[in-house]
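Following: one structure in structure tokens, then a few remarks.
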2 protein chains.
Amino acid sequence: MNDHKPLSDTRERILDAAERLFMESGYEGTSMRMITGEAEVNLAAVNYHFGSKEALLREVFRRRLAWLNRERLRELDDLELNAAGEPLKPSAILEAFFGTLLHMGSDESLGGMTFLRLLGRTLTEPADFIRTFFAGEYAEVIERYKRALFRALPEVPHEEIIWRFHLMLGAMSYAIAGTDALQVVTGCELDLDNEGPNAAKQLAARVMPFLLGGLRAPLPQFPVSQEQQSQSEPTKAA
Amino acid sequence: MNDHKPLSDTRERILDAAERLFMESGYEGTSMRMITGEAEVNLAAVNYHFGSKEALLREVFRRRLAWLNRERLRELDDLELNAAGEPLKPSAILEAFFGTLLHMGSDESLGGMTFLRLLGRTLTEPADFIRTFFAGEYAEVIERYKRALFRALPEVPHEEIIWRFHLMLGAMSYAIAGTDALQVVTGCELDLDNEGPNAAKQLAARVMPFLLGGLRAPLPQFPVSQEQQSQSEPTKAA
DNA sequence: ATATGATTTAAACGAACGTTTGAACTATAG
DNA sequence: CTATAGTTCAAACGTTCGTTTAAATCATAT
């Protein structure tokens, strides 16, 4: 039967077009006719190959997140293996988690900046099925990295670590997604020099110090949790 | 002629309903029929009172941002007056910029958490008219605060400050918008204790140290700009 | 060559969208 | 009371949406 097929490049054409358009106009703002038009395939092709628009979006992400999350787990495994039971340095954990992400921006075969920006923007999409999907895709990776951070920052309350993880994700998403979204707000010429592969490297150099600074910031003194800590450097990472 | 009218509470009902629904489902994901249904007004009322759906969204924001940006400018004026020409402390600048924002979350008459979350989510909406609108609304405030940060951190390249301003906005947006969006990703029970007024206070205590830590983080050593600086605390703010 | 399953195609489906219309209702002013 | 401007209302407008259908086309294997 069907064996040495070219894997019907119709599928890939649709996924590429959808990736770009979802990034540019969002899920609800992108119609099937826009997608099939850009992909130069028949309107019915999406439903034939993927079943529905929702399933198409899921596949757009699955094709990229499969690599991303596998790589994230692999790098964390490596770190923990080399640490021989010792807690990891926070900077190493962030490097593994966000470095893999930013690496995708440099590699066009992994989606490049287009996928990075799509990912950043989609995390705030309110549609239920999107949030449910992401929860499932991310569950294992988040759990592993959360635990690594708990061990790396033993004197920081778990709740505080989760919050800061959350905040780091937000900052990174904006840095990625907002290449032109918020620059209009900051009214500036900053922007990544070009869309090329070193755009992601610049991004990393810009963002990683910020994230580390936030993660290692003094804890809030606040009637919110049992322990509190007023020295200005609660952790020793990096 | 028309003078002592009750200002037709139809308008306010529509604005309130739209605020909540845009927050919950996004702009494209919210239909006029959902809005007029929730507001219990006739379908045509939106076009009658506001002209179009786009104009409605603009009015939803204008009604809140008018207060926010006026207050932000006022607080910055106060700070600069009291500083008598000296540069401000970065922490004071952030407190003025983000403190006013978070204050809205505590005050139901300013929109409360609903508007805060709407604002956080809408900054990533890709629709052109939305980005254009925000650019106009924010231009003056951003310009003033940018300049204050330049003066407060004289040894940090302007480009780097803009980037970190951007990153702080992103982190804050997520912290606000993601109350249930990303918690599903972090799979956690953190969340704000309640939707009440102290939710915003908790948020502030959580987020402000993170932002300050990020803003004051060591600069990246990187072939990107003329000066570079490898000491671990490039600024003295606090 | 022909049969078979996979894919593509043009056309249409009903539903929902934002918007418009013109009549009905309300309330103030002369 | 009548006139008038402001507001609400049910109904319909034309368009676009995601999806489905059934025939046409392509590719492979016997």
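Naming convention: chains lettered A, B, ... in sequence-line order (proteins, then strands); numbering from 1 in each chain. Computation of the quantities below employed the complete heavy-atom set of this structure, encompassing side-chain atoms and omitting hydrogens, waters and symmetry-equivalent molecules.
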For this session: For the pair A/Arg117 (side chain) and A/Met23 (backbone), establish whether a donor and an acceptor sit closer than 3.5 Å, ignoring hydrogens and angles.
Result: no
Exercise. Can A/Arg206 and B/Glu159 be counted as an ion pair, charged N to O under 4.0 angstrom?
Worked result: yes
For this session: Would you please indicate yes or no on a ring centroid separation below 6.0 angstrom for B/Phe133 and B/Tyr138?
Result: no
Problem set entry | Over 12 foreign heavy atoms within 6.0 Å of CD, B/Glu54 | yes
Problem set entry | Sugar-phosphate only, base, or nothing, as touched by B/Ala45 at under 4.0 Å among non-hydrogen atoms | nothing
Exercise. So, is A/Thr10 close to the C/dT8 phosphate, meaning a side-chain N or O under 4.0 Å from OP1 or OP2?
Worked result: yes
For this session: Would you mind reading off the distance between A/Leu43 atom CG and C/dT7 atom P, rounded to a whole angstrom?
Result: 18 Å
Seminar exercise, completed: Contact check, residues 48-59 of chain A vs DNA chain C, heavy-atom distance under 4.0 Å, returns A/Tyr48, A/His49
For this session: Evaluate the ring planes of A/Phe98 and A/Phe165, with Trp represented by its six-membered ring, and classify them as parallel (under 30°), tilted (30 to 60°) or perpendicular (over 60°).
Result: perpendicular
Exercise. Salt bridge check: are A/Glu140 and A/Arg144 linked by an N-O gap of less than 4.0 Å?
Worked result: no
Problem set entry | Output field: ring centroids B/Phe61/B/Phe115 closer than 6.0 Å | yes
Problem set entry | Heavy-atom check, side chain of B/Thr36 versus side chain of B/Asn42, under 4.5 Å | no
Exercise. What parts of residues 14-42 of chain A reach DNA chain C, counting only heavy atoms under 4.0 Å away?
Worked result: A/Arg33, A/Asn42
For this session: Can you tell me the distance, in whole Å, between the CG atom of B/Asn47 and the P atom of C/dC17?
Result: 14 Å
